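Chain identifiers are assigned alphabetically (A, B, ...) following the order of the sequence lines, protein sequences preceding nucleic acid strands; residue numbering begins at 1 within each chain. Just so it is clear, the structure is predicted and the values come from calculations on it, not from any experiment. When reading the values below, keep in mind they use all heavy atoms of this one structure, side chains included, and skip hydrogens, waters and symmetry mates.
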Number of protein chains: 2
Amino acid sequence: MELSVRKNKILAAVVDRYILTGEPVGSKTVAAMLDHAVSSATIRNEMAELCELGYLEQPHTSSGRIPTQKGYRYYVDRLMGRYELASDEMYRIERQLESASSEPEALLIKASAILAELTGCAGISTTPKDEYTVIKKVELVPIGKKTIMVVLATSSGLLKSKVCRMDVPITLDLIELFYNVAAANFIGVRVSDIHAPLLQNIAASLGEKAFDMLGLVNAVADLAQICTSSELVLEGEANLLNHKELEANALELLTFLQDGDLLSKMLAERNSQLSVTIGKENVFKELENSSMILSSYSVLGQRAGSVGIIGPTRIDYARLIPSIKFLSQLVGKLLSDVTESD
Amino acid sequence: MELSVRKNKILAAVVDRYILTGEPVGSKTVAAMLDHAVSSATIRNEMAELCELGYLEQPHTSSGRIPTQKGYRYYVDRLMGRYELASDEMYRIERQLESASSEPEALLIKASAILAELTGCAGISTTPKDEYTVIKKVELVPIGKKTIMVVLATSSGLLKSKVCRMDVPITLDLIELFYNVAAANFIGVRVSDIHAPLLQNIAASLGEKAFDMLGLVNAVADLAQICTSSELVLEGEANLLNHKELEANALELLTFLQDGDLLSKMLAERNSQLSVTIGKENVFKELENSSMILSSYSVLGQRAGSVGIIGPTRIDYARLIPSIKFLSQLVGKLLSDVTESD
DNA sequence: GTTAGCACTCAGCATATAAGAGTGCTAACA
DNA sequence: TGTTAGCACTCTTATATGCTGAGTGCTAAC
């Protein structure tokens, strides 16, 4: 629904001001912000209507107005200004991020931390979801007589490892056999294609030797599984305590975030390039006082994950969104760089 | 300094009760706890003396008493009962922990999480400090034309990796040369012995080929460095918000913990088997309202790290200490298992 | 449609009062 | 000399009261 030009201006003024100060905004203040083009009484009339329409609300009968979630939504969709990052700021972020670009996980931890610091909110991101990437290399690293480490590297730069304890001493034969099996069945295969049927095939083809090998083959399957599921990275949760509107539910909120599983699923479902989720628009009631801004990044043209923030609904959307967008593009670029030289 | 038997009983009663309820404890309550062996008036006299001696204090002129830090210290050192874990509880913990025992870091994350859940505090631990362990294996995993992954495994089961970007395409010659260099200079060497002079030696012996190799050699050195320094693991920080005595400084506290560097150093210096640090006994003022209980674990007889908790000073020391001790022994045992088969 | 003016509402603050918990002290007791 | 009963006193907590100021809704005039 479209509001009148003047209502737009008033709503924008209220939201801008409220984001800035956190105090309810009165008609006089708005009149001043609009250069007294109309008097405060007129503003009052308009604001009363905006209340009825559900864009504003009053904490108490006679105080200024604050935006409702509907108000924020309207503001984000139509009213807010678009800012650009200063180029020196962009440069600074780029430098910081590049210093951690050697591994995807480190990169996303860094990205989340940068966002947390930049925004005063919690920084959040998901590691690249790799179901289309293939296994690049499988290596065994013997540790002890019966202990061996299985290392799996994917074409997207992920490296995962797992220690495997065997029931029998590890022989050179076994290792050689494993490398043969790996070359035949794993290398060049999509991580998402390492599933039960394939494993059974392998076991069958091995015959009597299958038993000793089973642990190693399963380890590879486990690692492949880990590679397909993207992981949640959260940094700067403590920042959320800074926002007094979140304090009341700080415990629930932080506990929820720390758990991560639910959140992780939620992020996986997102598919727009930029998503702003305000208050109760969030599925989980732990987030009903929070907003989430996420921007997805792509690796080699393929949507791979997201970076963003979680903060209070009262948040400077106009300034933060460009930062988050910029960072997501940067993450995509750096991750593509790691991979592209293939 | 030794107190009279009766003062001991009274102090113990006050601390026990205060830990339980969080409310100041009055003379009448204490009299009841001691089965009215003496009247409340007598208790009052004794409590007044305990105040003068610095073991108790009054939040306001006329309220019950609460323990001072000195009081807690005395209680922990001499008064508190010793509990034992129920054997089914021990079994439950053992099972949980074993499920994550494949890698040292996962194990300690799990241990911290268990402690956090068990105690309602933040669980904390350090990964094994490995300066005496030796490099077991160094592997190269090619990723792209100019990108290669360096993997380092230590005898203690640690596995670290780093992506290395080269200026020139990676050739088989280079890889072979690296493996020769590694076999001659790294394998079997203590991680703490990989330092600048050794690197210079290697560079010198390589002559003109040193340039291409430098990145790889440096990567190994970086990884060795990472192995020597133990890492801090923190779980369940959100639990701290449950304790109202910490709420006032929750932001500072969580920020401090999240940073970790300082804390990490502090933990490294600890050398007693069990350490209880109460309030201002902590070096950092962010922790002056907190207590820390740490128990060190040993891997193959060698002190390697610690596990424990951080919580408010008002905490059930008597019940938590046995849990923490038990967990530290368990961690040591599981880590030794991973390593022993060498 | 806009504005000035005014009565009204309500949060926030300060002050006053009462109740209750617990103390310190004194004097009597064993 | 150590212990106890009794009592006045202190201080927190809760509740009630009044005041102030910001901001409103409404009405009447422009």
Choose from D:dA5, D:dT12, C:dT3 the nucleotide whose nearest atom is closest to any side-chain atom of B:A41. D:dA5
Rounded to whole Å, CD1 of A:I10 lies from C1' of C:dT2 at a distance of 13 Å
Can you measure B:I43 atom CD1 to C:dG22 atom P for me and round it to whole angstrom units? 14 Å
Return a single string for nucleotides 14-25 of chain D, one symbol per nucleotide in 5' to 3' order, where B is base contact, S is sugar-phosphate-only contact and - is none, cutoff 4.0 angstrom on heavy atoms. --------BBBB
A:E49 CD to D:dC26 C1', straight-line distance once rounded to whole Å: 14 Å
Are more than 12 heavy atoms from other residues, nucleotides or ligands located less than 6.0 Å from atom NZ of B:K325? no
Got a second to check how far A:T277's OG1 is from A:L294's CG, nearest 0.5 Å? 6.5 Å
A:L262 vs A:E286 side-chain heavy atoms within contact, under 4.5 Å: no
Tell me, do B:N249 and B:F256 make a side-chain contact under 4.5 Å, heavy atoms counted? no
Just wondering, do A:R78 and A:E2 contact through their side chains at under 4.5 Å, heavy atoms? yes
Least distance between heavy atoms, B:S27 atom then B:S40 atom: CB-O, 3.6 Å
Nearest whole angstrom, please: distance from the P of C:dG22 to the CD of B:E57. 17 Å
Hey, are A:Q258 and A:E237 close enough side-chain-wise for a donor-acceptor pair under 3.5 Å? no
Please tell me if the side chains of A:V38 and A:R6 come closer than 4.5 Å, counting only heavy atoms from C-beta onward. yes
Just the rounded figure in Å: distance from C1' of C:dG1 to CD of A:E46. 10 Å
Under the 3.5 Å Watson-Crick or G-U criterion, the dot-bracket string of DNA chain D, with | for inter-strand pairs: ||||||||||||||||||||||||||||||
Length of the line joining B:H60:NE2 and D:dC11:P, which is rounded to integer Å: 10 Å
